[in-house]
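All values below were derived from every heavy atom in this structure, side-chain atoms included, with hydrogens, water molecules and symmetry-related copies excluded. Here is the naming used below: chain letters follow the sequence lines, and residue numbers restart at 1 for every chain. This is a predicted model, so every value here is computed, not measured.
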Amino acid sequence: QKEVEQDPGPLSVPEGAIVSLNCTYSNSAFQYFMWYRQYSRKGPELLMYTYSSGNKEDGRFTAQVDKSSKYISLFIRDSQPSDSATYLCAMSETGGYNKLIFGAGTRLAVHP
Amino acid sequence: GAGVSQSPSNKVTEKGKDVELRCDPISGHTALYWYRQRLGQGLEFLIYFQGNSAPDKSGLPSDRFSAERTGESVSTLTIQRTQQEDSAVYLCASSLDAGSGNTIYFGEGSWLTVV
């Protein structure tokens, strides 16, 4: 079993939809949780960085962490075609970026 | 430069040959990371440099892989006697330091194909 599980999709939604992306994990020592967006043939870019359980909002993006269920989510409101990308969750026991454990990524397509 | 720069962007090599991949981090960033991304998979940590400290090599998959960093600048990832399973995107990233809250910036990757 992988430490971090993420449905690879693809997920196809119409423009304006609310998108829900999820990851589950098995290591209860993970405390720091991140979401990255990766466009085709580009490097990942950090979208959200959260510590422990709770919600964090940034514009159209909301990250949720439920440590008791070992489950994290990223919600995208009012999705746009420009949101079409692969979304990767990542997590670590410490706050640094070394030895991040990544999910396999979910491919999202938002069609006009 | 403005971002993390990697070269070559694409490399096709024959099985058994050595390859060198180069990373130029953002100026002033003391932390540098190499990750590998196989097709359809998440990123796997390879190695981490922080300033003048000894690098964390715990993610290197075999002794065919090595990396160096000159001070707080350029890093080179070397793969000796390449195998087909080495085909992947090799991503370099940098951050101000490895502390929490600092944003990490990835390069666009070096796409390696071993034939």
With the side chain counted from C-beta on, respond yes when A:L100 and B:L43 share a heavy-atom pair under 4.5 Å apart, and no when they do not.
no
So, do A:P44 and B:L91 sit near enough that their side-chain heavy atoms are less than 4.5 Å apart?
yes
Quick one: side chain to side chain contact (heavy atoms under 4.5 Å, CB included) partners of A:A29, sequence neighbours excluded?
A:N27, A:E93
Single-linkage hydrophobic cluster [X]~[Y], side-chain heavy atoms < 4.5 angstrom:
| X | Y | value |
| --- | --- | --- |
| B:L46 | A:M91 | no |
| A:V4 | A:L11 | yes |
| B:F45 | B:L77 | no |
| A:F61 | A:F75 | no |

Do any of residues 101-112 of chain A have a heavy atom less than 4.5 Å from a heavy atom of chain B, and if so, which, in residue order?
A:F102, A:G103, A:A104
Can you list everything that forms a ring-ring contact (aromatic ring centres under 6.0 Å, His included) with B:F65? Sequence neighbours excluded, please.
none
Rounded at 0.5 Å granularity, tell me how far [atom1] in [X] sits from [atom2] in [Y].
| X | Y | atom1 | atom2 | value |
| --- | --- | --- | --- | --- |
| B:Q41 | A:Q6 | CD | CD | 12.5 Å |
| A:E45 | B:Y105 | CD | OH | 10.5 Å |
| A:Y49 | B:I104 | OH | CD1 | 10.0 Å |

Measuring heavy-atom distances to chain B, does A:Y51 have an atom under 4.5 Å in its side chain, in its backbone, in both, or in neither?
neither
Flag yes if more than 12 heavy atoms outside B:E85 fall under 6.0 Å of its CD atom; otherwise flag no.
yes
Give a yes or no on whether A:E15 atom CD has more than 12 heavy-atom contacts from other residues, nucleotides or ligands under 6.0 Å away.
yes
Which pairs count as disulfide (SG to SG under 2.5 Å) when at least one residue sits in residues 39-112 of chain A, sequence neighbours excluded?
A:C23-A:C89
Below 4.5 Å from any heavy atom of chain A, which atoms of B:E44 appear? Answer side chain, backbone, both or neither.
neither
